[in-house]
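What follows is one structure encoded as structure tokens, with my remarks underneath.
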Amino acid sequence: MAPKKRSRGNARSNKQNLSEVEDGEGGSGKKSESQNSRSSSLEKPAYTNWLMKSEPESRVENGVDVKFGIEDLKACPNQTSCWDGVRNYQARNFMRDMKVGQQAFFYHSNCKEPGIAGIIKIVKEAYVDHTQFDKKDVHYDPSSKPENPKWSMVDVQFERMTRRFIPLTELKKYHLKHKGSGGALSNTALFTRARLSVQPLTAEEFDFVLSLEDTDPL
DNA sequence: GCCAACGTTGGC
DNA sequence: GCCAACGTTGGC
């Protein structure tokens with residue numbers, strides 16, 4: 001288990017909707033088309049890496065400071081924390097797909113300099129996010145019942161800082177460039193699904209971003 | 001089951 | 001602190 005609380009996620013009032021259903025992909029026949037450039041085989045693409053957003057600067061939400069930067073994770077016992085507070089179905093579903101040992105980028109959002117600060121790894125797969133039942137918690141969800149919890153969380157552990165901070169502005173430049181050339185970041189969720197707080201990265205995207213560690217900032 | 005109104009995210 | 005993008009809600 002992880003100590004700490006706090007974390008980001010898309011706070012949200014909520015109700016059931018698009019993917020109360022387990023998988024969130026093609027699922028239930030509701031969404032059918034639209035986002036299926038994927039295979040006809042209904043299989044989810046096997047994502048191996050992730051990007052998780054959190055706010056490194058103080059901001060009070062419902063009387064509670066939601067600040068949780070990578071330094072805060074580092075300061076946790078065992079440098080491990082649960083990633084609670086995610087209240088968005090797509091983000092939740094991605095967390096449910098996470099496997100122990102997989103790596104994710106720790107992304108700093110809603111701050112002076114947004115971007116990737118470090119690498120974390122999944123150390124515990126999805127389980128019930130207890131904060132949804134806690135009236136005192138910022139992300140309390142009165143519509144979720146213990147008999148049928150809506151929200152999940154995973155535990156993550158600090159792995160290392162990236163050798164340099166990789167700013168969103170730089171990633172965006174590569175994204176624009178790659179859109180023309182079909183490069184690694186041409187479809188990156190950070191730009192195509194900007195508001196998702198937990199995003200999947202293909203191995204190619206992850207590796208490309210990692211390679212930037214040893215290049216000069218664009 | 002459509003869609004307008006509303007609320008949140010998060011870059012700038 | 002503004003506001004565009006977009007997920008969610010709820011009336012019909």
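Lettering follows sequence order; numbering is per chain, from 1. Below, each value reflects all heavy atoms present in this structure, side chains not excepted, and no hydrogens, waters or symmetry copies.
- Nucleic acid contact class of A:Tyr107 (heavy atoms, under 4.0 Å, all strands): sugar-phosphate only.
- Atom pair A:Asn88:CG and C:dA5:P shows a separation of 19 Å (rounding to whole Å applied).
- In this model, the phosphate group of B:dG10 is approached by a side-chain N or O of A:Lys53 to a distance below 4.0 Å at OP1 or OP2.
- For the pair A:Arg193 CZ and C:dA5 C1', the interatomic distance rounds to 11 Å; values are reported in whole Å.
- Here C:dG7 presents its P atom at 18 Å from NZ of A:Lys150, a figure rounded to the nearest Å.
- One can place CG of A:Leu51 at 10 Å from P of B:dG10, the figure rounded to the nearest angstrom.
- In this structure, A:Lys172 reaches the sugar-phosphate backbone alone: every heavy-atom distance under 4.0 Å involves primed, P, OP1 or OP2 atoms, never a base.
- For residues 163-178 of chain A, every residue pair satisfying the side chain to side chain donor-acceptor pair (under 3.5 Å) rule, not counting sequence neighbours, is listed here: A:Arg163-A:Glu213, A:Arg163-A:Asp214, A:Arg164-A:Glu170, A:Arg164-A:Thr215.
- In this structure, the ring of A:Tyr89 has its center less than 6.0 angstrom from the ring center of A:Trp151.
- Distance, A:Phe191 CZ to C:dC6 C1': 17 Å, rounded to whole Å.
- When the P atom of B:dT9 is taken as reference, atom CD of A:Gln199 falls 14 Å away, rounded to whole Å.
- The distance between atom CD of A:Glu57 and atom C1' of B:dC12, rounded to the nearest whole Å, is 13 Å.
- Distance, A:Glu113 CD to B:dG11 P: 12 Å, rounded to whole Å.
- The A:Arg195 side chain lies nearest to C:dC6 when the options are C:dC6, C:dT8, B:dG11.
- Between A:Trp83 and A:Phe106, a ring centre-to-centre spacing shorter than 6.0 Å is recorded.
- Clustering of Ile, Leu, Val, Met, Phe, Trp and Tyr side chains at separations under 4.5 Å leaves A:Phe165 isolated, with no partner residue.
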